[in-house]
Number of protein chains: 2
Amino acid sequence: MATLGDVAARAGVSISSVSRVLSNHPAARISEATRRRIVEAAEELRYRPNFAGRALKSARTQVIGLVLPDLTNALSTDLMHGAEDEAREHGYTMLLGRSDALSPVSEVIARLIGEGRVDGMVLQLADGVPAAGIGDLLDTAAPVVLLNETHPGHVGSVALDDVTGARIATQHLIELGHERIAMVNGLPSSFTAQRRRTGYRTAMKAAGLRVPRGYETRLGYFAPDGRAALRRLMTLSPAPTAVVVANVNAAVGLLAEARQARIAVPRRLSVICVHDSWTAENTWPPLTAVQMQFYAMGRAAVRNVLDRIENGVLRDDVILDPPPQLIVRNSTARPPRATR
Amino acid sequence: MATLGDVAARAGVSISSVSRVLSNHPAARISEATRRRIVEAAEELRYRPNFAGRALKSARTQVIGLVLPDLTNALSTDLMHGAEDEAREHGYTMLLGRSDALSPVSEVIARLIGEGRVDGMVLQLADGVPAAGIGDLLDTAAPVVLLNETHPGHVGSVALDDVTGARIATQHLIELGHERIAMVNGLPSSFTAQRRRTGYRTAMKAAGLRVPRGYETRLGYFAPDGRAALRRLMTLSPAPTAVVVANVNAAVGLLAEARQARIAVPRRLSVICVHDSWTAENTWPPLTAVQMQFYAMGRAAVRNVLDRIENGVLRDDVILDPPPQLIVRNSTARPPRATR
DNA sequence: ATGAAAGCGCTAACAA
DNA sequence: TTGTTAGCGCTTTCAT
């Protein structure tokens, strides 16, 4: 690979002139002729600035890490796209990482920030990883912004408006005339699950509806969790006529379980979920969902990190605009006669 | 962040001794006492080797890039896990990248390899990106291994045994007694689609079955493509009694479309797909599928790159072991009476 | 307007 | 066994 020295030799100028021209130094006073010779030489040699050299000198990598617990979630895609778009517009590159049992958060942070691989990072903890344990990990050389999570004493987070999302979902069922509305939620330790629970309870309370014992399950966000939740709910008496599922993947599982148990959706049970993705369009019946703004969250998260890096601004963000949006498909309907 | 110099000062030794100890230099003859003092000092200062410094000196990053067109495919997860496991075992870090319209392959390669960010990379092209255009991009400073793709004159690729996978799927339908078997495939330009087509045709020919005009659609691997394919197939006369779908996402869409068009699966139409994922368990009916070995492919891809980097070995791999595996669920059955 | 030179953190060849 | 030193590619201050 060609270095600055190679380009300088070819253009017949000094290394520093080449550096000034190729890195668009603003205060560089370079004659047009020299500039042209340099640019030409660089192109001929297909010069590319060496990442390590630049990073070593400037103590900056122009890289932002995005660390997620599970990358194969249709929702992560939107998030990543938003983050990448925002990063690219500011001249940064995204480095996608994964955190799991084998590479715990502390290890990933040490590797990315401790070794100087990134200038900052966006971190989403896996459900069940207590934010409590990561306290001092957040006070590092580079800013860490938490996604859908807060940590006492740590400023720098971005979250969706989960409360509103769950409230919209619950209200939709209430408006259809349901009164026995259950909630299938994520683990109790999950930050988003707690907020979605608040949205659900707020809407129920505002409508003067009770939440009977057992109407809230908190088993997790995956398809098998949704299946298990439905089995549990249908043993209750009276059984719910509608259910708010806090996550689209769990809803897909719940719907499949309903088929198997011969519970007609939406005739006997209405199902709505928080989160939308292509899978929701391809269930049967197609899932009514509340679309959450993952793309916007991705952009906001990177903006939050960059504002910290470049302007020293500390901030907690909640994505209010655009707001969560109800997408009505076919898994919700009025409740069965008997209960009205 | 602490540097080698800091550690050296604290331990009262020279920088090079510290370097030797902390990077486990094999031929280093260091007294136990010194070694202990150094290790202690490093721990107290929470020393981490600076990535840029090390990379600049050694011209190695110990990073492998994994660049995929779309990371939110349940199948990519397995692939990534395999790649990461293999990389970690060899002391390498994975850098996940994405290639799409905004950051075309050439741009991504230039950035990762041209700027020296990775020591090698695994690249999967998006369907529809002609491999032809990437010729000289592959002759770079670092090895590029293609996933599910080959390029004339380029050695270094890893592929699944698509032919066998599609053959197994087709044979399953044949064994059930089907004779009018259609195939819903990916785009004609797709490498995997071509190979799966071969598997399908081989099985059909071996069984002495014809492939009537129109029985092969090649619209793509996404859910809407599967829907469109089904609509097209059902206008044919005679219509197929079974269909091999080349991808699980397309199969999910096809199944939803079948519901909507009131085509009973598997009573009137059997559906089997190549690829398995959690979504296949949660359709209705649950999808019979041929599981492909994505995890193994991920491991093999990284091994291929590392063998190239560390031993100079050039190789094209096809994952034969473990072989594709039939997972029978409920979307396949014997054909309807009339056709037997 | 251009060049010389120092130094970022690290490794390794060489010296002691 | 341990230390000194050069240099990887780059940016930037200081000279000219």
Side-chain angles (χ1 to χ4, degrees), chain A residues 1-39 41-42 45-63 91 111 113-117 119 141-142, chain B residues 1-39 41-42 45-63 91 111 113-117 119 141-142:
Chain A
M1 291 277 101
T3 70
L4 277 187
D6 298 335
V7 177
R10 179 160 194 125
V13 297
S14 74
I15 289 185
S16 37
S17 293
V18 177
S19 173
R20 283 191 270 256
V21 168
L22 296 183
S23 50
N24 293 310
H25 199 87
R29 278 101 52 108
I30 302 278
S31 76
E32 250 329 297
T34 315
R35 157 167 272 118
R36 209 176 17 253
R37 278 220 314 291
I38 290 174
V39 170
L45 294 173
R46 296 174 180 286
Y47 171 79
R48 279 265 164 180
N50 178 275
F51 171 65
R54 189 172 264 187
L56 183 55
K57 175 64 196 177
S58 58
R60 285 293 206 81
T61 60
Q62 301 285 112
V63 175
R111 185 127 198 168
I113 294 184
E115 298 182 7
R117 290 167 190 265
D119 293 342
Chain B
M1 293 278 99
T3 69
L4 277 188
D6 298 334
V7 178
R10 179 161 194 121
V13 296
S14 74
I15 290 186
S16 43
S17 292
V18 179
S19 173
R20 282 190 273 256
V21 168
L22 297 183
S23 50
N24 292 311
H25 200 86
R29 280 102 52 106
I30 304 277
S31 76
E32 252 326 298
T34 316
R35 156 168 272 120
R36 211 178 13 255
R37 279 222 311 289
I38 290 175
V39 170
L45 296 172
R46 298 175 180 283
Y47 171 79
R48 279 264 163 180
N50 179 274
F51 171 64
R54 192 172 260 188
L56 182 56
K57 174 65 195 178
S58 59
R60 283 296 203 81
T61 60
Q62 300 285 111
V63 174
R111 186 131 197 163
I113 295 183
E115 298 183 5
R117 289 167 191 265
D119 293 343

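Letters A, B, ... are given to chains in the order of the sequence lines, protein chains preceding strands, and every chain is numbered from 1. These values consider heavy atoms only, across backbone and side chains, with no hydrogens, waters or symmetry-generated copies.
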Just to verify, what does B:Asp119 make a side-chain hydrogen bond (donor to acceptor under 3.5 Å, both in side chains) with, not counting sequence neighbours? B:Thr61

In whole angstrom, give the distance that lies between atom CG of B:Leu22 and atom C1' of D:dT2. 15 Å

Summary of protein contacts for nucleotides 9-16 of chain C, nucleotide by nucleotide, where a base hit scores B, a sugar-phosphate-only hit scores S (4.0 Å, heavy atoms): BBBBB---

Looking only at side-chain N and O atoms, does B:Ser17 come under 4.0 Å of OP1 or OP2 in D:dT2? no

Sequence neighbours excluded, the answer for salt bridge (charged side-chain N to carboxylate O under 4.0 Å, His left out) partners of B:Arg10 is B:Glu44

Residues at least two apart in sequence or cross-chain that pass side-chain hydrogen bond (donor to acceptor under 3.5 Å, both in side chains) with A:Arg48, listed by chain then number, are B:Glu115

Measure the spacing between CG of A:Leu56 and CZ of A:Phe51 and express it to the nearest 0.5 Å. 11.0 Å

If I take atom CD in residue A:Gln62 and atom P in nucleotide D:dC10, what distance separates them, rounded to the nearest angstrom? 15 Å

Residues in side-chain hydrogen bond (donor to acceptor under 3.5 Å, both in side chains) contact with A:Arg37, at least two apart in sequence or another chain: none

Angle between terminal axes - the helix from C:dA1-D:dT16 to C:dA16-D:dT1, 5 pairs each end, rounded to 10°: 50°

The side chain to side chain contact (heavy atoms under 4.5 Å, CB included) partners of A:Leu4 (sequence neighbours excluded) come to A:Ile15, A:Val18, A:Ser19, A:Leu22, A:Tyr47

Length of the line joining B:Arg36:CZ and D:dT1:P, which is rounded to integer Å: 15 Å

Partner residues of A:Ser23 under the side-chain hydrogen bond (donor to acceptor under 3.5 Å, both in side chains) criterion, sequence neighbours left out: none

What pairs with B:Ala141 under side chain to side chain contact (heavy atoms under 4.5 Å, CB included), at least two apart in sequence or on another chain? A:Met1, B:Ile113

